[in-house]
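All heavy atoms count here, side chains included; hydrogens, waters and symmetry mates do not. If you read the sequence from its start, that first residue is 1, and numbering goes on from there. A quick note: this is a predicted structure, and the numbers were derived from the prediction, not measured.
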Amino acid sequence: MEEGFGRSVVLPDSHKHDSVLCVELADVDWDGQQEIILGTFGKDILVYKLSMKEGDVMVADLVWQHSLAHRIHCMWYGDLTHDGLSELAVVSTGGIHILQHNMEQARRLVIERLVHSLDQEEGDRLEPNDDNTCS
């Protein structure tokens, strides 16, 4: 932490929700960057994405919001069902809620990444070796 706590980011619209009772960091959109997930006394789950803008300015965007019928006390993001995809477990005054990813979106992303990987692999095989010899 080079700068300590000298650099702060205000989470947009977070002031419109009741007290934050829990926070979880997780890569919920599978882009390699962790999002900030907040659970509030006001029954809301808020997901924020951090990004860097020009001039090394960090900004946060509210990218997803979901309301429950009960106050949220804690959350955990992990593979509860052992299917290779993580779920968000939310403990509220009304019980435990399990939020799962959209399986169609997951399927499309896996196919897209496999095609990209195969394209890269194919491109690597077509590039000539540095020593101008065949492999």
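- Taking all atoms of both residues into account, the shortest heavy-atom contact from Leu46 to Thr40 is CD1-CG2, 4.3 Å.
- Linking ILVMFWY residues whenever their side-chain heavy atoms come closer than 4.5 Å, directly or via other members, places Leu62 and Ile36 in the same cluster.
- Here the side chains of Gln65 and Asp13 are not in contact, with every heavy-atom distance at 4.5 Å or above.
- Hydrophobic clustering (ILVMFWY, side-chain heavy atoms < 4.5 Å, transitive): Val9 and Val23 are in one cluster.
- No side-chain heavy atom of Val91 sits less than 4.5 Å from a side-chain heavy atom of Met75.
- Salt-bridge formation is detected for the pair Asp31/Lys49: a Lys NZ or Arg NE/NH1/NH2 atom is positioned less than 4.0 Å from an Asp or Glu carboxylate oxygen.
- No more than 12 heavy atoms of other residues, nucleotides or ligands sit less than 6.0 Å from atom CE of Met103.
- Contact between Tyr48 and Pro12 at its shortest, heavy atoms only, is OH-O, 2.6 Å.
- Using a 4.5 Å cut-off between side-chain heavy atoms of Ile, Leu, Val, Met, Phe, Trp and Tyr, with links allowed through other members, Ile111 and Leu118 fall into different hydrophobic clusters.
- Ile45 has its side chain within reach of Leu99: a pair of non-hydrogen atoms, C-beta onward, lies under 4.5 Å apart.
- The only option from His73, His97, Arg71, His70 that meets the side-chain hydrogen bond (donor to acceptor under 3.5 Å, both in side chains) definition with Ser92 turns out to be His97.
- Only one option out of Ile98, Leu80, Ile37, Val47 pairs with Leu88 in a side-chain contact (heavy atoms from CB on, under 4.5 Å); it is Ile37.
- A single hydrophobic cluster is not seen to contain both Leu85 and Val110; linkage of ILVMFWY side chains at heavy-atom distances under 4.5 Å, directly or through other members, places them apart.
- Atom OG in Ser19 sits 12.5 Å away from atom CD1 in Ile72 (nearest 0.5 Å).
- Nearest heavy atoms, Cys22 versus Cys74: SG-CA, 3.5 Å.
- Taking each heavy atom of Tyr77 and Asp27 in turn, the nearest pair found is OH-O, 3.8 Å.
- The distance from atom CD of Glu87 to atom CG of Asp79, rounded to the nearest 0.5 Å, is 5.5 Å.
- To the nearest 0.5 Å, atoms NE2 (His17) and CG (Leu11) are separated by 10.5 Å.
- One finds the CD atom of Glu104 at 5.0 Å from the CZ atom of Arg108 (value rounded to the nearest 0.5 Å).
- Within the model, atoms CD of Glu35 and CG of Leu25 stand 9.5 Å from one another, a figure rounded to the nearest 0.5 Å.
- Following chains of ILVMFWY side-chain contacts shorter than 4.5 Å, one can reach Trp64 starting from Leu109, so the two form part of one hydrophobic cluster.
- Ring-plane geometry between Trp30 and His101 is classed as tilted, the angle between the planes lying from 30 to 60 degrees on a 0 to 90 degree scale.
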